[in-house]
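Index from 1, following the sequence. Because the structure is a prediction, the values reported are computed rather than measured.
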Amino acid sequence: SQRGSALIFALFTLTLVAITMAAVAAEIRSRSVGVMLAERNVRVTALCDAAMAESLAEFAEKGTGFFGITDREIAGGTISSTVRPMGEWEAELVAVGKRGDWQATIQARVSLHGGPRLLWWKRTQGPAS
């Protein structure tokens with residue numbers, strides 16, 4: 001009877017250890033997915049910020065003669081921008097950073113009066129179109 005009790009206790013202990021290991025593995029797996037998503041978001045945000053910074057610099061230099069950056073590779077992704085004049089002193093600037101199947105976009109209204117100045121902006125992220 002003691003051998004039977006010891007066997008049941010050993011099986012119970014092994015079952016408990018297996019369940020605990022499965023729970024830990026599931027937690028690690030879910031956290032790694034979260035880390036990968038966060039990394040993707042940070043990378044496309046950085047690409048989009050680079051596109052916006054370069055576009056503002058070019059816009060400051062060329063004024064309304066600047067029409068945007070054509071798609072080009074940079075740091076594992078692509079950047080681009082478009083500029084649409086909205087009058088003599090204002091323009092709408094759209095900067096895009098893409099990496100794989102994900103992109104970040106900044107839409108901004110920029111004033112040239114007194115140098116390029118952001119009047120309004122909005123950032124979005126989502127699947128690349």
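Here the side chains of V94 and R84 are not in contact, with every heavy-atom distance at 4.5 Å or above. Annotation: side chain of I106 is in contact with side chain of D49 (closest heavy-atom distance under 4.5 Å). Side-chain contact check for W102 versus N41: some heavy-atom pair is nearer than 4.5 Å.
The distance from atom CG of L119 to atom CD of E92, rounded to the nearest 0.5 Å, is 12.0 Å. The CZ atom of R43 lies 12.5 Å from the CZ atom of R40; values are rounded to the nearest 0.5 Å. How far CD1 of I74 is from CD of E54: 6.5 Å, rounded to the nearest 0.5 Å. In this structure, S32 OG and E27 CD are separated by 10.0 Å, a value rounded to the nearest 0.5 Å.
Here the closest heavy-atom approach between residue F66 and residue E58 is recorded as CE1-CB, 3.4 Å. Closest non-hydrogen pair, C48 versus A104, comes out as SG-O, 3.5 Å. For the residue pair K98 and L47, the shortest heavy atom distance occurs at O-CD1, 3.4 Å.
No chain of hydrophobic side-chain contacts below 4.5 Å, direct or via other Ile, Leu, Val, Met, Phe, Trp or Tyr residues, connects L112 to M86.
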side-chain contact (heavy atoms from CB on, under 4.5 Å) assessment of V44 paired with Q103: CA-CA 6 Å; V44 296; Q103 77 178 23; 5.8 Å; no
I'd like to know whether T124 forms a side-chain contact (heavy atoms from CB on, under 4.5 Å) with Q107, so could you lay out the CA-CA distance, the side-chain angles of the two residues, the decisive distance to 0.1 Å, and finally the verdict. CA-CA 8 Å; T124 57; Q107 289 180 295; 5.8 Å; no
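No more than 12 heavy atoms of other residues, nucleotides or ligands shown are found within 6.0 angstrom of CZ on R109. Within a 6.0 Å radius of CZ in R117, no more than 12 heavy atoms belonging to other residues, nucleotides or ligands are found.
Side chain of S81 to main chain of I69: a donor-acceptor pair is present (N/O by atom type, distance under 3.5 Å, no hydrogens or angles).
Taking a 4.5 Å side-chain heavy-atom cut-off between Ile, Leu, Val, Met, Phe, Trp and Tyr, the cluster of I8 contains only that residue. Counting Ile, Leu, Val, Met, Phe, Trp and Tyr side chains that sit under 4.5 Å apart, directly or through other members, F67 stands alone, with no cluster partners.
Paired with S55 under the rule side-chain contact (heavy atoms from CB on, under 4.5 Å), one option of V83, L93, I79 passes, and it is L93.
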